[in-house]
> 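Take a look at the following structure, please.
None of the values given here were measured: they were computed from a predicted structure. Whatever order the structure lists them in is the order used to number ligands and atoms, beginning at 1.
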Amino acid sequence: MQKKSRIILALDVTSRADATRVVNAVRDYVDAIKINWPLILAAGPDIIREMSKVKDVVCDLKIADIPNTNRMIVEQAMSLGASAVIAHGFTGDDSVRACVEAAKGQVFVVTEMSHPGGKQFTAPVADKLAALAKSVGARGIVAPATRPERIADLRKIIGSMEIISPGVGAQGGKASDALKAGADYIIVGRAIYEAQDPASAAKALADEVERSV
Ligand code: O7M
């Protein structure tokens, strides 16, 4: 995954046509595309393969099962062209390790989630989830742009591993705050794909990133 604009596009649209339109408009301003269930269910899993021809795809299935099932899910995602996958860590180290093995290390583990409810169950165990991600050799963690101070806390636990950070724009977080707190990439969905002009919105974010790193 290139590290240029530091923007990962959360492509949470629900048709192949919309996905293609948005990606064609913003491809010069994003480093990777994150694909989640809404688009996979709407357009079919081949959308992963299709988008992987344009940019690296982070497959956000938020994998959370027993080790054997996790392994099978990751193998399917990687065979469709994903460059990395996202997994939950609360399932325990054997489950996350199964993902890491199947993805050859290319796993991001969810820690404290960005939405208000993320404070309820994920926040109290986020430090442990970050430590688990490190201990099993994951590539990085997902940490909230809505609470940049938590990005800084989690950075201390994981050292030089990567942090990808959702919550910019529609959820109230600021790109510059997340990056200054230690995020490597910001994950942005609605602020780009719901904008009247997605290309201008992505460019404005890329400019903000450039000013803050
Ligand atoms: O910019 P948005 O709010 O439209 O979209 C944010 C994306 O990031 C969306 O795809 C969410 O599923 C995802 N996300 C969060 O918003 N919060 C989290 O805590 C974690 C994720 C995520 O990407 O997990 C991997």
> Please answer whether the main-chain N or O of Leu39 pairs with a side-chain N or O of Thr14 as donor and acceptor at a distance below 3.5 Å.
no
> Heavy atoms only, cut-off 4.0 Å: how does Lys62 contact ligand 1, side chain, backbone, both, or neither?
side chain
> Between atom NZ of Lys180 and atom NZ of Lys174, what is the distance when rounded to the nearest 0.5 Å?
7.0 Å
> Please list, in number order, the atoms of ligand 1 under 4.0 Å from a heavy atom of Arg190.
1 (O), 2 (P), 3 (O), 4 (O)
> So, regarding Asn36 and ligand 1 (criterion: nitrogen or oxygen to nitrogen or oxygen, under 3.5 Å), is there a contact or not?
yes
> Considering only heavy atoms of Ala10, which atoms of ligand 1 have at least one such atom less than 4.0 Å away?
7 (C), 10 (O)
> Is the NZ atom of Lys4 crowded by more than 12 outside heavy atoms at less than 6.0 Å?
no
> Which protein heavy atom lies closest to atom 11 (C) of ligand 1, and at what distance to 0.1 Å?
Lys34 NZ, 4.1 Å
> Quick test of your reading: applying salt bridge (charged side-chain N to carboxylate O under 4.0 Å, His left out), list the pairs with at least one residue in residues 50-60, sequence neighbours left out, ordered by first then second residue.
Arg16-Glu50, Lys34-Asp60, Asp60-Lys62
> Short question: side chain of Ser165, backbone of Ala143 - any donor-acceptor pair under 3.5 Å?
yes
> Which residue and atom name correspond to the protein heavy atom nearest atom 16 (O) of ligand 1, and how close is it?
Gln171 NE2, 2.8 Å
> If you measure from CE on Met113 to CZ on Arg150, what distance do you get to the nearest 0.5 Å?
14.5 Å
> Could you tell me whether some N/O pair between Tyr193 and ligand 1 is separated by less than 3.5 angstrom?
no
> So which heavy atom in the protein is nearest atom 1 (O) of ligand 1, and how far is it from that ligand atom?
Gly189 N, 2.8 Å
> Please check: side-chain N/O of Asp31 versus main-chain N/O of Ile8, any donor-acceptor pairing under 3.5 Å?
no
> If you count heavy atoms of other groups shown closer than 6.0 angstrom to CD of Glu210, is the number above 12?
no
> Quick one: nearest non-hydrogen protein atom to atom 8 (O) of ligand 1, plus distance?
Pro166 CB, 3.4 Å
> Specify the protein heavy atom at minimum distance from atom 9 (C) of ligand 1: its residue, its atom name, and the distance to 0.1 Å.
Asp12 OD2, 3.2 Å
> Should Ser114 be counted as touching ligand 1, given the test is an N or O pair under 3.5 Å?
yes
